[in-house]
Structures are given as C-alpha cells and as structure tokens.
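Below is one structure, written out as structure tokens, with a few remarks after it.
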2 protein chains.
Amino acid sequence: MPQPLIRPSDGELAILRVLWSRGLSTVREVHDELLKEREMGYTTVLKLMQIMVEKGLVTRDESSRTHIYQAAQGEESTQSCLLNDLLQKAFEGSAKSLVVRALSNTKSSDTELDEIQAYLDLLKARKP
Amino acid sequence: MPQPLIRPSDGELAILRVLWSRGLSTVREVHDELLKEREMGYTTVLKLMQIMVEKGLVTRDESSRTHIYQAAQGEESTQSCLLNDLLQKAFEGSAKSLVVRALSNTKSSDTELDEIQAYLDLLKARKP
DNA sequence: AGTTGTCAACGAAGGGGTTCGTATTTTGTC
DNA sequence: GACAAAATACGAACCCCTTCGTTGACAACT
C-alpha cells in the first residue's frame with residue numbers, strides 16, 4: 001500500500017521545507033533556519049515538530065540527547081498531495097484549468113516555458 | 001488599486017463555488033446545493049455566509065427579508081490567489097515545478113494536453 | 001387572531017494550529 | 001560537586017474555522 005500522505009499545515013510545511021533542504025536536522029538547526037524568515041521562539045518549533053512526529057510527518061532518532069529529525073514523506077509526494085487538494089477544491093478537478101491559471105499568473109522565463117514544453121512532449125509521446 | 005483578494009477557507013470556498021455557478025443566491029439555495037455533497041445544517045451555512053460578508057468575500061442585498069448573496073471576487077482571481085499561496089509555500093515560487101508536478105499527477109486527456117500546448121505557444125508568441 | 005413555517009441573528013462549543021512560559025532532565029565546565 | 005547551558009516535555013492560552021441550538025422577527029395560511 002502507498003504511504004498515508006498527510007496534508008501538512010502551513011507551519012508544518014515551513015519545517016518540512018527546512019528538513020528537505022538540510023536533510024537530518026536538530027530542532028535548533030531548523031529553528032535557526034526559520035529565524036531567517038521570521039521571528040519565532042525555539043519552543044514553538046520544538047512543539048510543532050513533536051506534534052509532527054505523532055502525526056507521522058517526520059521521524060526522529062532519539063538515541064542521543066539531542067534528537068535528530070528527518071522528513072517522513074518526500075517533497076514531491078507532499079507537493080502532489082497539496083496540489084490534488086487544491087485541484088479538487090478550487091478547479092473542479094481540471095488539471096488543465098489549474099495549469100493554465102498557474103501559467104497566466106506568473107511571468108515564466110523562456111527557459112522555463114521550454115522545459116514545460118519538453119515535459120508536455122514527453123507525456124504525449126508516452127501515450128499509445 | 002487591485003482588490004484586497006482574500007484567501008478563503010475550505011468551507012468558504014465551497015460556498016463560493018455555489019455562488020459562482022448559480023449567481024445571485026439565497027442562503028437556502030446555497031444550502032440545498034451543498035446538501036448534494038455532504039450533510040450540514042442550514043444555520044451552519046448561514047453563519048459562514050454572514051462571516052463572509054464581514055470579510056468581504058461576498059456581498060448581499062438586504063432590501064427584502066430573505067437576503068440575496070453574491071460572490072465579491074471572481075473565480076479566476078480566487079484561483080490565482082490560492083495558487084500563488086501554494087506556489088510560495090510548497091514550490092519555492094517556481095511555476096515550472098508546480099506545473100510539471102500537476103501534469104505528472106493526473107492523467108490528462110490528449111485533448112487537454114493539446115489545449116495546454118496551445119496556451120504555451122500563445123505565451124511564447126507574446127514574448128519579444 | 002392564532003398557528004405554523006421561514007429567516008436572520010446570536011452565542012456557545014469543539015477542534016486544530018500556533019505560540020510560548022515553565023518545569024525537568026541532561027550535559028558540560030569550573 | 002556546584003553551577004550554567006541546552007534540550008525535551010508539558011500545559012495553557014489564543015485564534016480561526018466549523019458546527020449547531022436557540023431566540024426573535026416576520027410571513028403566510030386557516
């Protein structure tokens with residue numbers, strides 16, 4: 001069976017972002033990283049990460065005094081989860097609508113457009 | 001200046017969906033529509049819509065006894081708002097990542113892929 | 001006129017997320 | 001060993017969202 005795939009809250013997502021980019025990390029390391037974006041207490045991050053353990057969003061190694069955390073689900077899986085949620089709730093399940101809206105929204109570079117194009121071609125080629 | 005553009009919650013979004021598709025509606029009409037999807041009390045919808053008035057998500061005509069509501073912001077603006085939010089929080093602002101993830105996620109029909117393709121071409125053509 | 005039905009308004013309660021202060025335990029230093 | 005620093009654990013508080021029961025006003029019907 002596939003993973004449970006839990007939809008993280010905003011605060012949890014901020015922590016996951018740090019874990020994805022840093023890999024194995026302590027609470028202090030995550031806190032230091034988050035401080036670069038906004039002010040928040042150390043225990044706030046700690047509490048959040050403890051809850052995330054219970055939810056299964058992260059795992060931790062408790063063998064040493066300072067616990068070491070890591071994300072339990074990958075960045076791509078989580079992105080898919082959040083995207084699917086938004087897709088159903090705001091786009092009636094139409095991926096096309098979502099993609100077009102996303103493209104019209106932001107100024108993408110030519111390079112990016114080309115990469116999307118390439119991916120589209122790949123998808124089409126795969127079809128029978 | 002552009003509209004404030006408020007990010008609706010899940011419950012609010014469900015109501016907005018009804019208002020977008022129905023146009024001017026009473027609380028009862030919205031409630032009846034939502035009942036098709038899931039069970040919920042009339043006053044629950046009423047309360048939500050009252051709060052949405054305060055937030056500016058909907059407007060209402062109170063001239064008659066049964067108030068008549070309508071969405072204050074368009075569907076597309078709201079989609080953009082939600083999409084931008086997700087873009088920043090889960091995709092580091094990269095529209096390309098988001099689009100690719102969305103495409104890889106869902107089985108889009110050939111027709112849809114073609115439409116996306118056409119939109120891509122349009123975007124490219126607009127570039128200098 | 002009285003009863004029944006519909007509606008808006010209000011308040012309260014519960015759950016989840018976020019924040020942080022405090023207490024406790026462990027580690028390291030003098 | 002005493003003291004300071006660092007980490008975890010715990011619990012409380014707050015806010016937002018959601019849900020609904022109750023109340024009071026208005027309307028319609030008999």
Side-chain angles (χ1 to χ4, degrees), chain A residues 4-19 22 24-70 78 81-82 85-86 89-90, chain B residues 4 6-19 24-70 78 81-82 85-86 89-90:
Chain A
L5 261 208
I6 307 166
R7 191 162 60 96
S9 69
D10 285 357
E12 292 166 344
L13 191 54
I15 289 173
L16 285 178
R17 277 201 305 269
V18 175
L19 290 179
R22 284 190 44 89
L24 297 177
S25 304
T26 66
V27 175
R28 175 139 318 274
E29 289 165 339
V30 172
H31 178 235
D32 287 349
E33 197 65 26
L34 290 178
L35 272 186
K36 296 174 183 172
E37 297 170 5
R38 70 187 161 100
E39 199 65 28
M40 61 190 317
Y42 170 83
T43 54
T44 301
V45 180
L46 170 64
K47 178 72 165 184
L48 220 16
M49 293 176 75
Q50 285 171 342
I51 293 175
M52 291 170 77
V53 170
E54 294 172 12
K55 291 189 184 178
L57 276 169
V58 300
T59 59
R60 69 176 170 188
D61 174 4
E62 311 181 4
S63 60
S64 70
R65 177 160 135 72
T66 64
H67 301 169
I68 297 177
Y69 291 75
Q70 74 176 336
T78 304
C81 178
L82 294 166
D85 186 68
L86 185 60
K89 287 178 178 161
Chain B
I6 307 165
R7 191 162 60 94
S9 68
D10 285 356
E12 291 165 345
L13 191 54
I15 290 173
L16 285 178
R17 277 200 305 267
V18 175
L19 291 178
L24 298 176
S25 305
T26 65
V27 175
R28 172 134 327 264
E29 289 165 338
V30 172
H31 179 234
D32 287 347
E33 197 66 27
L34 290 178
L35 271 188
K36 297 174 184 172
E37 297 171 4
R38 69 186 162 100
E39 199 65 28
M40 60 189 318
Y42 170 83
T43 54
T44 301
V45 181
L46 171 64
K47 178 72 165 184
L48 262 189
M49 292 175 74
Q50 286 170 342
I51 293 175
M52 289 170 78
V53 170
E54 294 171 12
K55 290 189 184 179
L57 276 169
V58 300
T59 59
R60 68 176 169 188
D61 174 5
E62 312 180 4
S63 60
S64 70
R65 178 160 132 72
T66 62
H67 301 168
I68 298 176
Y69 290 76
Q70 73 176 337
T78 305
C81 179
L82 293 166
D85 186 68
L86 185 59
K89 287 177 178 161

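This is a predicted model, so every value here is computed, not measured. In the text below, chain A, chain B and the rest are named by the order of the sequence lines, each starting its count at 1.
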Between [atom2] on [N] and [atom1] on [X], what's the gap in Å once rounded to a whole number?
X: Met52(B); N: dA8(C); atom1: CE; atom2: P; result: 15 Å
X: Arg65(B); N: dA8(C); atom1: CZ; atom2: C1'; result: 7 Å
X: Ile6(A); N: dG16(C); atom1: CD1; atom2: P; result: 14 Å
X: Ile68(B); N: dA8(C); atom1: CD1; atom2: C1'; result: 14 Å
X: Glu54(A); N: dG16(C); atom1: CD; atom2: P; result: 12 Å
X: Leu46(A); N: dT18(C); atom1: CG; atom2: C1'; result: 13 Å
X: Met49(A); N: dC20(C); atom1: CE; atom2: C1'; result: 17 Å
X: Leu13(B); N: dT18(D); atom1: CG; atom2: C1'; result: 15 Å

When we call it a touch if two heavy atoms are under 4.0 Å apart, what does [X] touch: a base, just sugar-phosphate, or nothing?
X: Ser9(B); result: sugar-phosphate
X: Thr43(B); result: base
X: Ile51(B); result: base
X: Arg7(A); result: nothing

- Donor-acceptor pair under 3.5 Å, Arg28(A) side chain vs dA7(D) base: no
Given side chains that start at C-beta, do those of [X] and [Y] come closer than 4.5 Å, heavy atoms only?
X: Glu12(B); Y: Lys55(B); answer: yes
X: Val18(A); Y: Glu29(A); answer: no
X: Ile15(A); Y: Leu57(A); answer: no

- Query: Hey, which of these two, Met40(B) or Gln50(A), hits DNA chain D nearer its 5' end, going by closest nucleotide?
  - Reply: Gln50(A)
- Just by modelled atom types, is the Val27(B) backbone N or O under 3.5 Å from a matching donor or acceptor in the His67(B) side chain? no
- Message: Has His31(B) got a side-chain atom pairing as donor or acceptor with Met40(B)'s backbone, closer than 3.5 angstrom?
- Response: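 Checking the backbone N and O of Met40(B) against the side chain of His31(B), a donor-acceptor pair under 3.5 Å is found.
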Is there a side-chain contact between [X] and the phosphate of [N], meaning an N or O under 4.0 Å from OP1 or OP2?
X: Arg38(B); N: dT18(D); value: no
X: Thr44(B); N: dC20(D); value: yes
X: Tyr42(A); N: dA6(D); value: no

- Query: When you measure from the side chain of Lys47(B), which nucleotide among dT19(C), dT19(D), dA6(D) comes out closest?
  - Reply: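 Nucleotide nearest to Lys47(B)'s side chain: dT19(D).
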